[in-house]
Amino acid sequence: MSKPVVLITGANGEIGRSLLERLHADGRYEAVTVDLTPLPERYRALCRETYAGNIMDRYLLDQVAAHHEIEVVFHLAALLSTRGERDPELAHQVNVEGTLHLLRVANNQSQRLGRAVRFVFPSSIAIYGLPDVPAKTKAGRVGEEEWNVPITMYGCNKLYCEHLGRYFTRHFRQMGALATASRLDFRAIRFPGLISAETVPTGGTSDFGPEMLHAAAQGKPYKCFVGPEAKIPFMAMPDAVESMLLLLEADRERLTDTVYNVGAFSVSAGDIAARVKQLFPAADITYEPDPVRARIVDSWPEDVDDTRARKDWDWKPAYDFDRAMDEYLMPGIRRRYAPDSP
Ligand code: AKB
């Protein structure tokens, strides 16, 4: 009996690599991947099939859907917030047009199968837009419906794609003959800043957290692009992957919405730096705030209210800040940068 197939876009990215390893370890699904860059052999070995290509290539996506009976989509490919501000038009094309192509593929597959393809979508705290630091401090832990006024193209893209996913799930072609045909089952998670022991993100504005840690582990000086007081929610990568799999397997009857906050720990750049210096006493961390990137981080909430996820699908983070540093990041980082590390 062949295993259900999951399609992962952006599989060669931070979340994608961790997700591939977890899916392979769990053994329930077979992964087919699409990414701009070819997967390294270590990850190719975890997949049924890998495709190097662009999610803007409709022909490629249709070919993948024709060759594999896709039951689940993890659509991870995106241009993150800082990269998106350098090329907003490209960010819109990849983040919105690309997502629309994937929604079309998943919806067509749902109609072919006669049942909903589950579509797991990583949204972001970037969809929030607090006007200034006093408002951010006063707002504290924000709920899903609060402050949905993003100030980056990436945040606008993610917020719009949340609505697109809800439309495809509940209203697609509501006027036409297909009104009763199977539609996809879109499920979105608004991720905080993610910190991985294995990889360093590129193109994000929450990157100061992981960048600081990985620089210290390599004995490199780090100039932080936000001030020490800049505070946002963060999460260890294993919790991010766990949250996607929990939401994927959640009973659809329990889901009261298609979009969920998830949180783990809210820390400032100064908090991270202090902890990094405890672990790497020689760490050379200085602050050279980039006004634009600091403004973006200041527009993001200090923390998120994830009550809805805890109630609807039993979300609970396994890693608080201390456990993330002591039990996941430090052991992983030391392995990652050990002299004989592959
Ligand atoms: C970014 O910094 O753009 C992302 C995010 C917070 O979604 N890591």
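Atoms within each ligand, like the ligands themselves, are counted from 1 in listed order. None of these values were measured; they are calculated from a predicted model.
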Notebook entry, point to check: Do we get Arg183 above Phe172's six-membered ring, with its NZ or CZ under 6.0 Å from the centre and within 45° of the axis?
Noted result: no

Next item on the list: May I ask you to list the atoms of ligand 1 that are less than 4.0 angstrom from any heavy atom of Gly204?
Entry: 1 (C), 2 (O), 3 (O)

Next item on the list: Examine Ser206 against ligand 1 and note whether any of their N/O atoms are separated by less than 3.5 Å.
Entry: yes

Margin query: Below 3.5 Å, N or O to N or O, backbone or side chain included: is there any such pair between Ser124 and ligand 1?
Written below: yes

Check: Near Leu80, which atoms of ligand 1 are under 4.0 Å from a heavy atom of that residue?
Finding: 3 (O)

Notebook entry, point to check: Looking only at distance, does Thr82 have an N or O less than 3.5 Å from an N or O of ligand 1?
Noted result: no

Next item on the list: Could you list which atoms of ligand 1 come closer than 4.0 Å to a heavy atom of Ser81?
Entry: 1 (C), 2 (O), 3 (O)

Notebook entry, point to check: Going from CD1 on Ile232 to OG on Ser206, what distance comes out if it is rounded to the nearest 0.5 angstrom?
Noted result: 5.0 Å

Next item on the list: Give the atoms of ligand 1, by number and element, whose distance to some non-hydrogen atom of Thr205 is under 4.0 Å.
Entry: 1 (C), 2 (O), 3 (O)

Item checked: Residues in ring-ring contact (aromatic ring centres under 6.0 Å, His included) contact with Phe321, at least two apart in sequence or another chain -> Phe265

Item checked: Donor-acceptor contact below 3.5 Å, side chain Asp35 vs main chain Asn12 -> yes

Check: In Å and rounded to the nearest 0.5 Å, what is the CG to CZ distance from Leu247 to Phe121?
Finding: 13.0 Å

Checklist line | Location of contacts on Phe191 toward ligand 1, heavy atoms closer than 4.0 Å | finding: neither

Checklist line | side-chain hydrogen bond (donor to acceptor under 3.5 Å, both in side chains) involving Arg115 - partner list, sequence neighbours excluded | finding: Glu71

